[in-house]
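To start, the structure itself, in structure tokens.
Quick note on labels: first sequence line is chain A, next is B, and so on, each numbered from 1. Please read these numbers as outputs of a predicted model, since none were measured by experiment.
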Amino acid sequence: MKKYDPKSIESKWQKSWEKAGISRAKGRGKKWYSLIEFPYPSGEGLHVGHVRSNTAMDVVSRKRRMQGYDVLYPIGWDAFGLPTENYALRTGVSPEVATKKNTDTFRRQLKALGFSFDWSREVDTTDPSYYKWTQWMFLQFFKKGLAYKAAMPINWCPKDKIGLANEEAAGGVCDRCGGPVEKRMKEQWMLRITAYADKLLEGLGALDYIPQAKVQQENWIGRSEGAEIDFEVKTKANYVLLHGYKGAPDKNFLPWLRRELVARGRSVQVPALPETDAPDILRQVAHVEETVRFDEQTVIVAHSLGSVVALKAIERLERPIKKLVLAAGFMTPPSKRGEESIRRNYEKTFDWRFDVEAIRRNAGEVVILRDTSDKNIPAAEADKLQTVFGGRIVDFTAKEPHICGNQEPEVLAASLDTLTVFTTRPDTLFGATYMVVAPEHQLISHLLPLISNVREVERYVAAAKAKSEAERTAEDKKKTGVALLGVRAVNPATGEDIPVWVADYVLGGYGTGAIMAVPAHDARDFAFAHAYDLPIRKVVTGPSGDHEADHVGGPDVLYDGEGILVDSGRFTGMYSEKAKPEIVKDVRGRARVQYRLRDWVFSRQRYWGEPIPLVNCEKCGWVPVPEKDLPVTLPKVKNYEPRDDGQSPLASVESWVRTKCPTCKGPARRETDTMPNWAGSSWYFLRYTDPKNKKAFADPKKLKYFMPVDWYNGGMEHTVLHLLYSRFWNHFLYDIGVVPAPEPYRKRTSHGMVLAEGGVKMSKSKGNVINPDDIVKQYGADTLRLYEMFMGPFDQTIAWDTRNIVGVYRFLERVWKTAESVSARGSDKDLEAAVTRLVKKAGEDIETMSFNTALSAMMIFINECAAKSAVPLSVWKRFLLVLAPFAPHIAEELWREVLGNKK
RNA sequence: GCCGAGGUGGUGAAAUGGUAUACACGAGGGACUUAAAAUCCCUUGGAGGUAAUACUCCGUGUGGGUUCGAUCCCCACCCUCGGCACCA
């Protein structure tokens, strides 16, 4: 027999398998779907890390075929992405051309390793016939209101000039270039993944994912149960605007007035009046009475129907308010006797008689605004109002409303009514000794003129906003903040006045952006209170109710566990768990679930991605491109550089941008943002089931047969982002009825990374990249496959060690040699027992991904054979079947050429 | 800080309550060869010890515990890696 020569046998069998179509999924029988993460075809070529996970799933797939399953083990290219675009920038080679070249290399390399992919189902995310359906799916999100555009403080990488998803900017560092990330306001398309937070969390339960993947997804979703509690903020006045009936012509006046007042730091309250076709005035009055605080600081500006509501409410007060401002001209004045009805449709449903005496008594200072620009309103109306209610008349014009503004300086102190916080510990409410708002909180700008230390506050807020998120959290977690002097809040449980601070340890993007601080029972508040000498009040103690006995210390020691309430009014003595809902109820809070998960920033200002298939029309707004016009293909461009204004290079292709509105046929402009990399990879596993379909992304029958994926192996680095996105995507498609099950992957495992020798990352610049081609050339594909399975536990990161390759190569040589001592006659009890053990051991090890021990079992078996003079044929055949999934070429050669089997 | 995984020869690592270090690499010695490579055989945790490859003791991060028996189970601690990180 010849020497073992992998080169001569491997390509022979690869061609033979391809010709016989052994790895094609048939679409009938007992199905099995093995999936690996489809590679990004980089210019570097195949990484030995790809080989590790592809071999593992190849072993599983080959085993399943031997067990009689119809196996789908597909491959494709996740080919959109920055490296290709950057390559285009550097060299001018178009991304299409570069992608073609790279996928050709990958395909050749993968085929040389003998992976049993179903090559007839190859997909490519950059192929218009593929991204047509990515765009189609985006439109489904859009139509269901799950895609929306919002001005967001986004993570902006100044180096790459690109907006990043939160996930890509983790730790304040750009996922791509490693540089710092800053914040920028930018209109972005968003996908409402938060609407699926609960489903994505619940769905995890029944799945066979490695525990780490589940935990990481749970943490990322970050569900917490708590309550929203309102704190009253005490300031000097209360400024209330009451608008008119929904169609009333106050569109300009009140919104303007509101803006003006807010801009000056006045707090404005606009109670939402119920809008019914036949306005129920009394209900509206009741609503106002419930939501407005009427006291000597209150100023009411009322307009149209709001005037009626205001007068009715004032009529019933016991104490006067500060001031009533009535906008005249929209209300027929009552008669001198004050008992006449008001015109039009109101009179049938409501008794319009007013107690003028009571109103004069309670209204405080009365101001009547007269709109001199409205010819429809007789100037006399204001006079009549004045006759009835007294006060003075101020002329203004709705076209120049600033006149009114100028008339108003005396009304200037105001109050924002409530500051709402989210807390998971309402049981500690009695210990809330101060409040903190995030630097972004609108309360600050609203109240700024009322704050005595304006400059200090402004400086702090500006500094906080200028910092990146990383800088804010990096600084040793040292807490900083500034008190809003002149602003106080009321603890709804104790009725006590407490100070309000601004501090950047409170995040603007989570909960309500404001907290109640309970320094005795929260580590962060504790640290802050110590830094600024704020009062610390202990209201929860350990389970025995005694600080000392429970080792939770005195009032100056942090205890952030739950326990028995102390100094908490009628809740004293209650356990935290019981007290939580009762306290929430007592202060009219609302139970609330919060998620850490944020919506998915789906826009990229880049060239090499799927164009977002929407058109902006001046008349119709954002309009989807009709399905028959999909795909919206990428136009050819000369320059791939993102524009300095942050827009995608597509924005410079005027002929492409300019289009017609699909709805009104008027002039319109295309969206120039493209989709992120995650889009195409969020559904590729569906396309594999029916990759050439032109009428749908896949035939429902084929989806039903192949889905879900039975076993999905991928990198640990994708267990949060890609896995969560694609699960979300699939859940959504399930909800609109186009995929058969909500969860796409039944089982998920992860492979460890393959590092270079010495345990560092492989990189071109370090010159330590192992090229699979070289290994195949020197030792053959079977040896590389075996080495990567044998190098260590599959889920563990491991450093490449070229010296160890010879071990598995020698093993294969010994296998080759052992074939010579196979004898058709005779039997051997020892070897029969040994091969039986091997079948069991290797079979089990494949299922648990213990490929290294499966191989060591084979080595032990071969060593046993070497000690014998002959190996019985029946034993040998069973061994070759075990070897075949791991080292298919040599196994096939020995099975067919040496033993003479036909199949 | 929180969550998760882990710590065993010179190296990659086996063993999940019952002979610790399987399998492989490396190293040392030997056979074959004019020689080298390749291949094959032997040795290879540490210390002591013998004529001997007998025998003795120690040994799975550290300290305790449970058990006839612990790398494995329990408690405390140290260290490494991964994830999250002021999420109220």
Measure from CZ on A:Phe794 to P on B:rA14 and round the result to the nearest Å. 14 Å

Would you please name every residue forming a ring-ring contact (aromatic ring centres under 6.0 Å, His included) with A:His50, sequence neighbours left out? A:Phe106

What pairs of nitrogen or oxygen atoms, one from the protein and one from nucleotides 37-41 of chain B, lie under 3.5 Å apart?
unit_1, atom_1, unit_2, atom_2, d
B:rU39, OP1, A:Arg810, NE, 3.3

Sequence neighbours excluded, every pair satisfying salt bridge (charged side-chain N to carboxylate O under 4.0 Å, His left out) that has a member inside residues 852-864 of chain A: A:Arg837-A:Glu864

Name all residues meeting the side-chain hydrogen bond (donor to acceptor under 3.5 Å, both in side chains) criterion together with A:Glu225; count only those two or more places apart in sequence or in a different chain, and write none if there are none. A:Arg223

Side chain to side chain donor-acceptor pair (under 3.5 Å): pairs with one or both residues in residues 805-815 of chain A, sequence neighbours excluded: A:Arg814-A:Asn863

How far, in whole Å, is B:rU62 from B:rU11 if one measures between their P atoms? 16 Å

Is there a residue in residues 845-863 of chain A whose heavy atoms reach under 4.0 Å of RNA chain B, and which residues are they? A:Asn852, A:Thr853, A:Ser856, A:Met859, A:Ile860, A:Asn863

Name the residue closer to the 5' end of RNA chain B, choosing between A:Met791 and A:Ile805 according to the nucleotide with the nearest heavy atom. A:Met791

If you restrict it to nitrogen or oxygen atoms, what contacts under 3.5 Å exist between nucleotides 3-11 of chain B and the protein, and what is each distance?
none

Residues two or more places apart in sequence or in another chain: which of them pass ring-ring contact (aromatic ring centres under 6.0 Å, His included) with A:Tyr787? A:Trp800

Syn or anti for B:rG45? Use the chi torsion, O4'-C1'-N9-C4 for purines and O4'-C1'-N1-C2 for pyrimidines, with syn inside 90° of 0. anti

Apply ring-ring contact (aromatic ring centres under 6.0 Å, His included) to A:Phe794 and list each qualifying residue two or more places apart in sequence or on a separate chain. A:Phe851

Given Watson-Crick or G-U pairs with both distances under 3.5 Å, what dot-bracket string fits RNA chain B, with | for other-strand pairs and [ ] for crossing? (((((((..(((.....[....)))((((((.......))))))((((......))))..(((((..]....))))))))))))....

Sequence neighbours excluded, the answer for ring-ring contact (aromatic ring centres under 6.0 Å, His included) partners of A:Phe861 is A:Phe879

Taking RNA chain B as the partner, which of residues 585-596 of chain A come within under 4.0 angstrom of it by heavy atom? A:Arg596

In this structure, how many angstroms lie between the P atom of B:rA13 and the CE atom of A:Met789, rounded? 14 Å

